[in-house]
Structures are given as structure tokens and as C-alpha cells.
There are 2 protein chains.
Amino acid sequence: MSDTASDSETEEQLEVWCAGEEWCPITATATILGKKWHPVIIHRLIAEPRGFNDLQRAVDGISSKVLSDSLETLEGHGLVAREVVSEKPFRVEYSVTDRGGSLEPVIESMREWGETHLAAEG
Amino acid sequence: MSDTASDSETEEQLEVWCAGEEWCPITATATILGKKWHPVIIHRLIAEPRGFNDLQRAVDGISSKVLSDSLETLEGHGLVAREVVSEKPFRVEYSVTDRGGSLEPVIESMREWGETHLAAEG
DNA sequence: AGTGAGAGGTTTCGGCTGGTAACCATTTTT
DNA sequence: AAAAATGGTTACCAGCCGAAACCTCTCACT
């Protein structure tokens with residue numbers, strides 16, 4: 001494709017550099033975060049660490065199976081940490097890792113966009 | 001896409017409620033943007049309007065069927081516009097709408113996150 | 001001891017979606 | 001004429017998504 005404009009503009013290359021390249025940071029991010037429930041799960045865990053059922057209520061609408069699968073996936077990506085906080089009354093706590101917490105600006109921009117462009121409910 | 005029922009996404013998905021009481025802007029945004037290829041498609045169209053094959057090459061990795069379906073969905077959400085620019089040599093041009101262009105900060109934050117947290121991964 | 005609520009999930013079973021490959025029609029280029 | 005480029009469609013299938021049911025364990029109440 002078009003990239004032989006080496007000496008022209010340094011500024012505009014920032015927006016074009018991932019076109020035609022093999023690895024795309026947007027696609028990479030979308031592969032992890034681009035699921036229906038992943039952003040809101042992380043958002044709720046950034047707000048505060050929670051147990052499974054508490055989290056399910058906070059996400060509000062997700063099934064237990066999908067939440068279970070999602071948490072497993074997110075833990076695999078190193079975005080969420082699972083800790084058993086009690087054995088006898090068996091209790092678990094999910095929280096975001098540093099890596100997961102770093103997604104806050106992304107999720108916040110999604111929240112803002114949704115609020116200004118999708119607020120059509122009532 | 002399939003028939004009439006599934007196209008209710010176009011209008012009624014905007015009324016995604018979090019099971020009764022609270023409407024969640026993050027979930028609503030994720031329902032639209034939370035697909036593997038949607039963010040990068042919009043990103044490439046924000047960079048410049050393109051024809052189908054040009055866009056497919058720019059997205060790099062997407063199949064023609066998935067691109068076709070995605071464009072149809074995004075057009076239904078009012079994020080992408082399709083214009084036939086020539087009939088004799090049949091040419092179309094896809095571009096972002098104002099609404100689609102307003103996603104730029106969201107996509108940019110995804111790009112930044114991927115660049116700093118996913119570089120050199122698969 | 002029995003019942004029910006709450007925590008933390010798993011199982012089952014479809015339907016929808018994402019992905020590959022093949023195919024099609026038209027026009028331009030070689 | 002043959003090849004390539006443009007803009008897709010169709011067939012087919014693996015896998016993910018989602019609703020509902022089910023499961024174990026503990027605690028509280030009676």
C-alpha cells in the first residue's frame with residue numbers, strides 16, 4: 001500500500017501506522033475487550049472487589065455461566081484476579097489486576113460515548 | 001443477516017436495560033462496538049473512506065463475508081454510510097457518519113491500551 | 001432434624017455468530 | 001482471450017452465547 005512517504009509528515013504517521021501492518025493494536029485489544037460483557041465486568045470490579053453473586057447482581061443481566069466463563073477468560077488474560085478469602089464458609093473475591101485497572105480510561109470512554117449517543121431509554 | 005426479527009438491533013438494542021431498573025451505558029456501547037472487527041473497521045474508515053476490497057486489505061485478516069455482515073450491521077446502527085459512487089464500473093464507498101466518527105476517542109483509547117499493554121504479543 | 005436462603009458455581013441444550021472456501025457478475029488491463 | 005480488480009453472495013461448519021436447571025456447601029431458623 002501507500003507507505004513510502006518517509007520524509008513527509010511526522011505527525012500524520014501516528015494515525016496511519018497500523019494500516020497495512022501485520023499486528024494491529026486495535027484488533028488485539030478488541031480480541032480481549034471486544035465481548036459484550038467484558039467491559040462492564042471490569043468496570044464493576046474496578047469500582048470494588050466482589051464475590052461471584054454480588055458481581056452478577058452488579059453486572060445485572062448476565063447469566064452465571066457466561067459470568068463464570070468470562071471471569072475465567074479475563075483471569076487468563078491477567079486482567080482479573082481470583083482469591084479464595086475463606087474456606088469454611090467458602091468465599092471468593094474477584095478483583096482487577098494492575099493490568100486490568102489500566103483499562104479504566106478505555107471503559108470510561110465507552111461509558112461516556114454510550115451516555116451521550118445511546119441514551120434513548122426513557 | 002437473517003430476517004426481520006434480528007434487525008430489531010437497529011433500534012431496539014438502544015434500549016438495552018440491565019434487567020429491569022438500571023440502564024448501563026457500558027453494556028449498551030459494548031453491544032454495538034464489542035465485536036472483534038467493529039472497532040478496527042471504523043478506525044480504518046475514519047482514516048479515509050474506502051471501497052470494499054480496499055477496506056478488506058486495510059483491516060487485514062477479515063473475510064469478505066464477515067466484512068460484508070459487519071458493514072451491514074454498522075450501517076444499521078448509523079455508524080457507517082454506504083454510497084454507490086459509480087454505476088458503470090460499479091464502485092461503492094464506505095465512510096463513517098458523524099455518529100461513527102464520534103467513536104474516535106473510544107477507538108483511540110483502545111489503540112493506546114493495546115500498544116502499551118499488548119505489544120509483541122499474539 | 002428439616003427447610004430455606006445465600007454463596008459459588010456446573011451442566012445441558014439450543015441458537016446465533018464468526019470464519020473458511022468457493023463461487024458469481026462486471027469491467028479494466030495485459 | 002485471459003487475468004486481475006471491484007463488490008459482493010452462498011454453503012457449510014465449529015464454537016461461542018445464553019436461559020434454565022441443577023449441584024454442593026454453610027448458615028440461620030424452627
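Lettering of chains follows the sequences in order, A, B, ..., and the numbering in each one begins at 1. Atom set for the values below is all heavy atoms of this structure, side chains included, hydrogens, waters and symmetry mates excluded. This is a predicted model, so every value here is computed, not measured.
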When the distance from [atom1] of [X] to [atom2] of [N] is rounded to whole Å, what number comes out?
| X | N | atom1 | atom2 | result |
| --- | --- | --- | --- | --- |
| B:R50 | D:dG8 | CZ | P | 16 Å |
| B:N53 | D:dT6 | CG | P | 5 Å |
| A:L55 | C:dG6 | CG | P | 18 Å |
| A:E87 | C:dG9 | CD | P | 12 Å |
| A:F90 | D:dT26 | CZ | C1' | 12 Å |
| B:Q56 | C:dA21 | CD | P | 13 Å |
| B:L67 | C:dG19 | CG | P | 12 Å |
| B:I62 | C:dG18 | CD1 | P | 10 Å |

So A:R82, base contact, sugar-phosphate only, or nothing? Heavy-atom distance under 4.0 Å.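 The answer is sugar-phosphate, as A:R82 gets under 4.0 Å only of primed atoms, P, OP1 or OP2.
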Closest to side chain of [X], choosing from [options]:
| X | options | result |
| --- | --- | --- |
| B:W37 | C:dG8, D:dC27, C:dG19 | C:dG19 |
| A:P89 | C:dG8, D:dT26, C:dT20 | D:dT26 |
| B:F52 | D:dT9, D:dG7, C:dG9 | D:dG7 |
| B:V66 | C:dG19, D:dG8, C:dT10 | C:dG19 |
| B:K65 | C:dG9, C:dG19, D:dT26 | C:dG19 |
| A:K36 | D:dG8, D:dG18, D:dA20 | D:dG18 |
| A:R91 | D:dG7, C:dT20, C:dG8 | C:dG8 |

Would you say the side-chain atoms of A:S102 and B:W113 include a donor-acceptor pair closer than 3.5 Å?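 Side chains of A:S102 and B:W113: pair found under 3.5 Å.
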Give a yes or no on whether a donor-acceptor pair under 3.5 Å exists between the nucleobase atoms of C:dT10, that is its base, and the side chain of A:S68.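 It does not, because no donor-acceptor pair links the side chain of A:S68 to the base of C:dT10 below 3.5 Å.
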Could you walk me through whether A:V92 and A:F52 pass side-chain contact (heavy atoms from CB on, under 4.5 Å), step by step? CA-CA 7 Å; A:V92 159; A:F52 188 89; 6.0 Å; no
Please check this pair: side chain of B:R50 against backbone of B:Y94, looking for a donor-acceptor N/O pair closer than 3.5 Å. no
All heavy atoms of B:S109 vs all of B:V106, minimum pair found to be OG-O, 2.7 Å
Check the pair A:R91, A:E93 against salt bridge (charged side-chain N to carboxylate O under 4.0 Å, His left out), reporting the backbone distance first and the verdict last. CA-CA 7 Å; A:R91 295 296 139 88; A:E93 194 176 81; over 6 Å; no
Any B:Y94 side-chain N or O less than 4.0 Å from OP1/OP2 of D:dT6: no
First of B:G51 and A:K35 reached from the 5' end of DNA chain D, by closest nucleotide: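 Looking at DNA chain D, the more 5' nearest nucleotide goes with B:G51.
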